[in-house]
Amino acid sequence: MRRKLVLGNWKMHGSKAQVRQLLAGLAARIGEVSSAVDVGVCPTHLHIPLVADLLAGSRIGLGAQDAYADPSGAVTGAVSVSMLVEFGVSWVLVGHSERRQLFGETDQQVATKFAAVLEQGLVPVLCVGETLQQRQEGDTETVVLAQLQAVINKAGIEALGNSVLAYEPVWAIGTGETASPAEAQIVHQALRAHMAAMNAQVAADTRIIYGGSVKGANAQQLFEQADIDGGLIGGASLEAEEFISICKNAD
Ligand code: 13P
């Protein structure tokens, strides 16, 4: 049985004061969330030390939004996976569509990052998703399966068993538009079937979470779908009450 997982992706948001306030709000209400649900937050790299301190002893885990694959070197502005390990990070998002679109990250680079995260013993959260145009042209499954396959080619299917997949339709991110539960389920099922053709156990064990305008009000219907194992939450994770409401709906 796969445990549900809800991760907040704070993106480029938050002052130190806001981070403190948000975490205090989460700490006050995390007891309302079933212990059957895994919960984590992914602040900016800069806020990771502060968040790590504030989360000490909490059941809320710590994730990072990105990492550079090499352990060290002349890479101005980058943060390596091994640095994240030192700060108690558990999950690392790789291949978020904002990184793919704004920073030009390719499937190959994403696959290299994925492998580096695993090698350091952390859990990569591989994000895949189609643009609106790709969906309208009927290419959704082709696109997301190719993004997944690039990682399988690099890391092997067994590696997926130690990772999390996140289906995030680009057109649903930050737009208030959500894939309907049925639309999302179709893609989640396709991702799982693709893995199952190579390794049934990995496919059965790997969590596939959904992201794209998830709110307290729509979370339950999404999370009820057979192949949706939780959520990757952007805007709604910046509000303690809303995020907790989403987490409660994951049980
Ligand atoms: P929103 O929840 O703001 O649509 O963002 C989703 C997302 O990109 C999470 O990684």
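Remember, it's 1-based here, ligands and their atoms both numbered in the order they're listed.
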With a 3.5 Å cut-off and no angle check, do the side chains of Glu130 and Trp171 form a donor-acceptor pair? yes
Side-chain donor-acceptor pair under 3.5 Å between Glu168 and His96, yes or no? yes
Can you tell me which residue and heavy atom of the protein come closest to atom 5 (O) of ligand 1, and the distance to 0.1 Å? Lys11 NZ, 3.3 Å
For atom 4 (O) of ligand 1, what is the nearest protein heavy atom, given as residue, atom name and distance? Gly174 N, 2.6 Å
Non-hydrogen side-chain atoms of Pro124 and Leu118 separated by less than 4.5 Å: yes
Side chains of Ile173 and Glu98 in contact at under 4.5 Å (non-hydrogen atoms): yes
Evaluate the ring planes of His188 and Tyr210, with Trp represented by its six-membered ring, and classify them as parallel (under 30°), tilted (30 to 60°) or perpendicular (over 60°). tilted
Sub-4.0 Å heavy-atom contact, Ala236 with ligand 1: no
Examine [X] against ligand 1 and note whether any of their N/O atoms are separated by less than 3.5 Å.
X      : value
Ser213 : yes
Thr175 : no
Gly234 : yes
Gly235 : yes
Leu232 : no

Going by the atom numbers of ligand 1, which of them fall below 4.0 Å from some non-hydrogen atom of [X]?
X      : answer
Asn9   : 9 (C), 10 (O)
Ala172 : 4 (O)
His96  : 7 (C), 8 (O), 9 (C), 10 (O)
Gly212 : 4 (O), 6 (C)

Ion pair check, Glu242 and Lys215, cut-off under 4.0 Å: no
Nearest non-hydrogen contact to atom 10 (O) of ligand 1 from the set Glu177, Glu168, Lys215 belongs to Glu168
Would you say the side-chain atoms of Thr178 pair up with the backbone N or O of Ser180, donor to acceptor, closer than 3.5 Å? no
List the atom of Ser34, the atom of Arg59, and the distance in Å for their closest heavy-atom pair. O-NH2, 3.1 Å
Heavy atoms only: give me the nearest Val123-Ser163 pair and the separation to one decimal. CG1-CA, 3.9 Å
